[in-house]
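First the structure, in the form of structure tokens, and then the observations on it.
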Amino acid sequence: MLIKIIGIGVCTIIINIVLKQYKPEIAVISNICGALIIFTLSMSGINDIIGEFVNLHNQGNISLDIINPIMKVIGVGYITEFTSDLAEDSGNKLIASKILLGGKIAICTLAFPIIKKLISAIFSLI
Amino acid sequence: MDIDVIFKIAAIGILTAVISQILQHQGKSEIATLATLAGLVIALIMVLNMVSGLFDTVKTLFNLY
């Protein structure tokens, strides 16, 4: 599986360089396309990881309303990183950093219940 | 979902480049820009479907409803 990912990556890089001389805008599009294909190839790994999380929950020691925000944060983090790297690749660093800012805010709002729970647990100990 | 999509988009890019060159040498530069635009739109539509697929899979995978 990894060999396939490496092969597709190298092909996309070469096609990107060739297309950059003639048609820079379509080079960006082929860039997105390569990233998408590599992501869908690596999906099986992500499924196993999520299965591990569910096992943790089934064993009972981690409640679901902790695992759910974690999964959401991973998803949001991935999408934000995908778009901000794409923006940085095609040359506009400003938009990339703004997308990162939006992603950080979204992650903060997602993670806030856990922080509250943590603080209340600490206070209950004291 | 295999590598042939990338080759398809590369082919579109090179074809639009060649066509716009030919049209420009014939003196029809406005049609050349239209041809370039058409190639760009075709490639964009192909990628947009894949991007929406990506966002759907990430949404269902990490249950980000």
Side-chain angles (χ1 to χ4, degrees), chain A residues 4-5 7-47 49-51 53-54 64 67-83 86 106-107 110, chain B:
Chain A
K4 203 187 269 194
I5 288 178
I8 288 181
V10 170
C11 287
T12 323
I13 289 167
I14 292 169
I15 286 178
N16 208 358
I17 290 174
V18 168
L19 271 182
K20 232 181 194 55
Q21 304 144 11
Y22 306 109
K23 281 271 169 276
E25 58 273 11
I26 298 192
V28 174
I29 292 175
S30 83
N31 219 355
I32 301 174
C33 211
L36 286 181
I37 291 180
I38 291 176
F39 173 73
T40 42
L41 278 181
S42 61
M43 284 283 287
S44 54
I46 295 175
N47 277 338
I49 293 168
I50 289 174
F53 267 112
V54 174
L64 199 57
I67 289 183
N68 263 345
I70 291 177
M71 305 310 285
K72 284 193 169 108
V73 164
I74 293 176
V76 165
Y78 174 70
I79 292 185
T80 339
E81 195 246 343
F82 178 84
T83 2
L86 180 67
I107 287 176
L110 274 175
Chain B
M1 186 56 77
D2 215 340
I3 194 162
D4 55 357
V5 185
I6 301 181
F7 294 138
K8 231 182 276 182
I9 290 183
I12 288 177
I14 292 174
L15 261 179
T16 37
V18 167
I19 287 172
S20 69
Q21 287 296 335
I22 292 171
L23 281 174
Q24 255 148 16
H25 286 315
Q26 300 302 326
K28 305 248 182 312
S29 63
E30 62 279 357
I31 301 182
T33 47
L34 287 181
T36 318
L37 212 60
L40 184 67
V41 164
I42 290 171
L44 257 178
I45 288 173
M46 282 173 66
V47 174
L48 278 185
N49 294 336
M50 296 173 70
V51 171
S52 72
L54 166 79
F55 286 148
D56 289 345
T57 37
V58 170
K59 210 182 281 185
T60 51
L61 193 61
F62 296 109
N63 46 49
L64 278 171
Y65 303 126

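We name chains A, B, ... by the order of the sequence lines, and we start the count at 1 in each one.
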*asked:* Can you confirm whether A/Lys23 sits close enough to B/Thr36 that some side-chain heavy atom of one is under 4.5 Å from a side-chain heavy atom of the other?
replied: yes
*For A/Val28, is it the side chain, the backbone, both or neither that has a heavy atom under 4.5 Å from a heavy atom of chain B?*
neither
*Select one option (side chain, backbone, both, neither) describing which atoms of B/Val51 are under 4.5 Å from chain A's heavy atoms.*
both
*asked:* Rounded to the nearest 0.5 Å, what separates atom CZ in B/Phe62 from atom CE in A/Met71?
replied: 6.0 Å
*When rounded to the nearest 0.5 angstrom, what is the spacing between CD1 in A/Ile79 and CG in B/Leu54?*
6.5 Å
*Point-to-point distance, once rounded to the nearest 0.5 Å, from CD1 of A/Ile46 to CG of B/Leu61*: 6.0 Å
_Any heavy-atom pair between the side chains of B/Val58 and A/Phe82 that's under 4.5 Å?_
no
*Of the non-hydrogen atoms in A/Tyr22 and B/Ala17, which two are nearest, and what is the gap between them?*
CB-CB, 3.6 Å
*Measure across A/Ile26 and B/Ala43 and return the closest heavy-atom pair with its distance rounded to 0.1 Å.*
CG2-CB, 4.5 Å
*Which heavy atom in B/Gly13 sits nearest to a heavy atom in A/Leu19, and how many Å separate them?*
CA-CD2, 3.7 Å
*Can you measure from CG (B/Asp4) to CD1 (A/Ile37) and round to the nearest 0.5 angstrom?*
7.5 Å
*Please say which of A/Asn31, A/Ile32, A/Ile29, A/Thr12 ends up in a side-chain contact (heavy atoms from CB on, under 4.5 Å) with B/Ile9.*
A/Ile29
*Any side-chain heavy-atom pair from A/Cys11 and B/Ile3 closer than 4.5 angstrom?*
yes
_Neighbour count >12 (heavy atoms, 6.0 Å) for atom CZ, A/Phe39_ = yes
_Contact class of B/Thr16 relative to chain A, heavy atoms under 4.5 angstrom_ = both
